[in-house]
Amino acid sequence: MFEFLMGVEFLLLLLLVGVSGATGYAANHLKYVGESESSFRIWLKAAKVGVYIGTALIMIWALDIMIIFVNYGWLFIMDRVLNLMPLLSLPAAIVLIFALPNLSRETNKKSLLFFIVSVHVMTVGVALAFFLVTIDIPAVPNTKDILIYGGALIISVGLLWLYHGRRLKVLENRLPRISIRIVRGAVYLILVFGVAITGLVISQKMSEFPDRMNMVHHHTADFGGGDSILDENTNPHHDSHDSSKSISVVELKGPQTDIPDKKYVLYAETKKIRLASGESIEAWTFNGQSPGPKLVANEGDLVEVQLVNKNIDSGVTIHWHGVDVPNGEDGVAGMTQDAVMPGESYTYRFVVKEAGTHWYHSHQQSSIQVQKGLFGAFIIYPSSQHETKTMDTTIVAHDWITPDGRNIPALDTADTIQRKMINSGTPVRLRLVNADNLTRTFSLNGVPFKVVAIDGYELNEPGTLTTSLLRIGGGGRYDIEFIMPDTAVTLAMLMEGKPIGIVYSPDGQGKQNVLDEGEILDITKYGLPAQAPFNTSTVFDRTFTLILDQTYFGVYNGEAGQQWVINGKTFPDTPTLMVKEGDLVKTTFVNRSFADHPMHLHGHHVQVISKNGKPISGSPLVLDTVNIEPGETFEVAFLANNPGLWMDHCHNLDHALRGMTMHVAYENIYTPFAIGSETGNSPE
Ligand code: C2O
Ligand code: CU
């Protein structure tokens, strides 16, 4: 519904641009009332203008209906009320109330001038509104946009008045010769294109990242209503960081000398891999496989992973998605380390505290490297129960791209229906990891089941499900459990066209039976409430409001295309959320775009407090990746208990690459690392 309304609004606006352009053109012609023109022709001209104006006014009025977005919350209509409506409605009201009635009376130069100018101002207002909505995206708060766009409209009044006033005198109401009109039209066109192209070139140059820049930008510091934490860290002109209070991210490491409980070596290398269908992929792998080796550990283990880059030219890192490691072990190129170049190695060490299904992936050029295969599952078992009877399996969903550019979605490397044997009566735990950018929908058919954990966090008293579909956002994980019946069970990832899945059966020959319709499980209403750190009456030290939006066109870091914005801005101008250790922090995410945004905060887990203004009514939800669908609002909370500089970004990594990235920065922490071509670091 939300997307539909957005679509209608966009279309109306697009049509309005056309209609108001035509209105302006027709109105302009009223200037040229020749001596010899019959009164009928004059009337006809005026009527034509009237019809155009009527249409434009009706469309502007129709756009006002978009106030129904208020159902989604004030933040969904804020810019419509404060920016869009004034730009559209004020000039339109002047045309309707003052200009139009005047025209029907004895037309003199003055009233004609007034009429043409007010119609043209209406056209300018529509153009400005269109630009604001599709390219610029309103900032939050809107004061700046109100001033800039309101100012532009007022300036246009003056300019148009001068222009038309002069022409009305010079032309003596005579339509100029056709050749003059053509030449003049051509000059206008060249001017408009010239301005547009110059604008594009300038904005392309300006949008390019510098060769070297710090990832955390304190010029956009947002203190979330708490005290402003200004120290050398927040002072961009202070480079020495010699204060005894300042801590470098490299000091925030796991235990360096203790003997690790688990030790892994991961070699990053290019390797051709083969999907079940026989399709071959030029993958980037860990230890020659993708997904990479499944890492396992027990809660409380000290884990050591040595990353060796064999031949990934652009360098690699590893980020532990869902594991709240010390900041210096977080694996973000350009913020917590330099990318590990071919021939180099880097060792991560950290104690794992959060049992559950997690994963790891490169955080150097993550949008490319994760796509190409530099990821794997990371399972942390709870120290207590260790069900050996349970058949515990991990399945990683991913979208592969063939050398000739086709997308092939798969579960691990199986892009078809696989068959697997499980003895009846066996307890089964399926750990589903979505390592893809897009939200994926799964179904399980043939057995009652439960979703027992999300993002590794165990749900309280999850109910039994039979026909629910599971929608997992990019980067998210669901664990499901069931007891194997003596008939077949089909797990499927629902894709247009061919089904992808696994048929489990006691004899390994089960018939595929995909459930492809059902209600999507609403995790905010699933399971039973229980004690949790935060609730709707918690008093927070800092609260941040983050509006997720999109532009339709634009230039970002030198490349043209769509941008994904937070509070009207793309990285590095997105807000930096400043916190102090011990702060209780609330962030509200509002999705006003057409796409899902799985927002992932590094180094912390967030508790979901409410969705669309309603407190969650099921089990507490503690996530590391919160998937926010179009039109949705999520309030999430966390305790700032892991000092460092942390990424907070959309895990549709293509969105992160084109703007939807910000940071949570603790006071007094700085990084010696930087991003940009000079550094070789490029985390997105
Ligand atoms: Cu799984 Cu910053 O990412
Ligand atoms: Cu996104």
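FYI, the numbering just counts along the sequence from 1. Counting starts at 1 for both ligands and their atoms, following the listed order.
Remark: Lys611 is not positioned above the aromatic ring of Phe634, lacking an NZ or CZ atom under 6.0 angstrom from the ring centre and at most 45 degrees off the axis.
Residue His597 approaches the Cu ion (ligand 2) most closely through its N/O/S atom ND1.
With the Cu ion (ligand 2) as the vertex, SG (Cys650) and ND1 (His655) define an angle of 130°, rounded to 10°.
The shortest heavy-atom contact between Asp624 and Asp455 is N-OD2, 2.9 Å.
Side-chain contact check for Asp338 and Asn681: at least one donor-acceptor pair (N or O, by modelled atom type) lies under 3.5 Å.
Remark: Gln550 CD to Asn591 CG distance equals 8.5 Å, nearest 0.5 Å.
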His600 and Asp648: side-chain hydrogen bond (donor to acceptor under 3.5 Å, both in side chains), yes or no, with the steps?
-> CA-CA 6 Å; His600 171 50; Asp648 193 353; over 6 Å; no
Ring pair (Phe, Tyr, Trp, His ring centres under 6.0 Å) evaluation trace for His363 with His321 | CA-CA 10 Å; His363 224 305; His321 185 124; 8.8 Å; no
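Protein N/O/S atoms found under 2.8 Å from atom 2 (Cu) of ligand 1, listed by chain and residue number: His363 NE2, His602 NE2, His649 NE2.
Checked against the 6.0 Å centroid criterion, the rings of His358 and Trp320 do not qualify as a close aromatic pair.
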